[in-house]
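In what follows, a structure is listed as C-alpha cells, so that the remarks can point back to it.
Within every chain, numbering begins at 1; the chains are lettered A, B, ... in the order of the sequence lines, protein sequences first and strands thereafter. Predicted, not measured: the structure shown is a model, and the values here were computed from it.
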Number of protein chains: 2
Amino acid sequence: MNTQEALDLLKQKGYKYTEKREHMIHFFVHENRYRTAKDLLENMEADYDGISFDTIYRNLHLFDQLGILESTELNGEKHFRLKCDHHHHHHFICKNCGVTKEIHHCPMEQINEELKQFMIEDHKFEVYGFCPSCR
Amino acid sequence: MNTQEALDLLKQKGYKYTEKREHMIHFFVHENRYRTAKDLLENMEADYDGISFDTIYRNLHLFDQLGILESTELNGEKHFRLKCDHHHHHHFICKNCGVTKEIHHCPMEQINEELKQFMIEDHKFEVYGFCPSCR
DNA sequence: TTTACAAAACGTAATCATTACGATACAATA
DNA sequence: TATTGTATCGTAATGATTACGTTTTGTAAA
C-alpha cells in the first residue's frame, strides 16, 4: 500500500479527500512500523494545531476497516501500521520501536484438521522482542 | 494448575491466604476459559458485597505474574484464564464465550533461522472463531 | 492467646485511552 | 457558486484500569 493507492481507495469508496487524511496516510507510509494513536496525534499537532481526537480515531478505524492500515495490541495500547499488501504473512515486532520483520511461515496450514468442529474466523501469530538497533 | 497448587504457590512466595484470593482462584478453576475482570467482579460481588476494584485488579495481576493465570487481549479487553500447566501449547479461543481448545503445534520451531539477528522474547499464536456451541 | 506488624482490602478518586456529539467548516458535484 | 452530505472541531462522556489514604485482617512472635 502506498499513498496514492490509499487515496484512490478512499475516493472509490466515496470518502472525501482531506489534507489531514493524506497527512495521516503519509505518516504511516513514512514510518512503516507500528505506531499508536498518540504517536500520530503528536505528529499531526505539529502541522495542525488543535486537531481533534475525533479526526484521529475516526480515521484510524476507517483506514483499518478499509485495509489501508492493520492493527494489533501491544502493551495494552492499540498500534497501527501501513497494511502490507503482498501475500499473507506474519510479523516479528520490536517491543521498543514497533519496527517489524516479515515472517514467511503461517502455522494455519498445519492445524486445520485439529480444529475441524470449530468455526475459524481469524488468527494471530506474532513474535515479540528487540530489533538489532534496540537490543 | 489447581486450587491447591495455586494456594501453595502464594504461600511459598510469602503472600497471605485470604478467602477472597481462594474464591478468585476457584472462579477460574471452575470456569476454565478466558474471562474479564468484570466477569470476575460480578461473580465476587454475589458473595462479597462492596468488594473493591483494587482487590480484583491487584490480585489478577499478581496471579498473572506468578503464573497462576495467563492473559490475552480479546476485543480490546484483557481476559484471564487459569494457566495450563502441561507442555507449551497455543489456543483456539471462542470469540463469544472465551472457551479454549489447545493447539499442539508451535510455529516457533520453524522460524528461528529467519530471525537470527533479532532478540526474541515472546510469541503469540492464537486462533479465533466460534466453538461448536456458539457457532 | 494476645500483641504487633506487614500485607490486604475498602472506598473512592484519578488516570488514560477511546468514543460520542452538537455545532461549524469544507469537499464534491450539479 | 449553491447545495448537500461528510469531515472536523471542541469538548464532554465513557469505560477499563490504576492509585491511595484509611481500615481491616492474616501471620507469627511474645
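Electrostatic pairing of B:Glu73 and B:Lys78 does not count as a salt bridge here, judged by no charged N lying under 4.0 Å from a carboxylate O.
Classification of the B:His91-B:His89 ring pair by plane angle, with boundaries at 30° and 60°, yields perpendicular. In this structure, B:His88 and B:His90 have perpendicular ring planes: the angle between them is above 60°, well past the 30° mark.
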Residues A:Thr55, A:Lys20; criterion side-chain hydrogen bond (donor to acceptor under 3.5 Å, both in side chains); working and verdict: CA-CA 8 Å; A:Thr55 304; A:Lys20 293 191 183 77; over 6 Å; no

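The interatomic distance linking A:His61 (NE2) with D:dA7 (C1') rounds to 17 Å, in whole Å. At whole-Å resolution of the value, NZ in A:Lys16 and P in C:dA25 are 15 Å apart. Residue B:His23 contributes atom NE2, which lies 13 Å from atom P of C:dA9 at whole-angstrom precision. Nucleotide C:dC16 holds its C1' atom 13 Å from the NZ atom of B:Lys78, rounded to whole Å. Spacing between atom NZ of A:Lys11 and atom C1' of D:dA7 amounts to 16 Å, rounded to whole angstrom units. Whole-Å rounding puts the B:Leu10 CG to D:dT25 P distance at 20 Å. Spacing between atom CD of B:Gln12 and atom C1' of D:dT27 amounts to 18 Å, rounded to whole angstrom units. Spacing between atom CZ of B:Phe80 and atom C1' of D:dA16 amounts to 11 Å, rounded to whole angstrom units.
At least one side-chain nitrogen or oxygen of B:Thr18 sits closer than 4.0 Å to the OP1 or OP2 atom of C:dA9.
A heavy-atom distance below 4.0 Å to DNA chain C is reached by these residues of residues 24-59 of chain B, ordered by number: B:Gly50, B:Ile51, B:Ser52, B:Phe53, B:Asp54, B:Thr55, B:Arg58, B:Asn59.
Residues A:His104 and A:Glu102 bring a donor and an acceptor atom of their side chains to less than 3.5 Å of each other.
Mapping B:Glu73 and B:Tyr15 onto DNA chain D via the closest heavy atom, the residue that lands nearer the 5' end is B:Glu73.
Closest heavy-atom contact between A:Pro107 and A:Phe125: CD-CD2, 3.8 Å.
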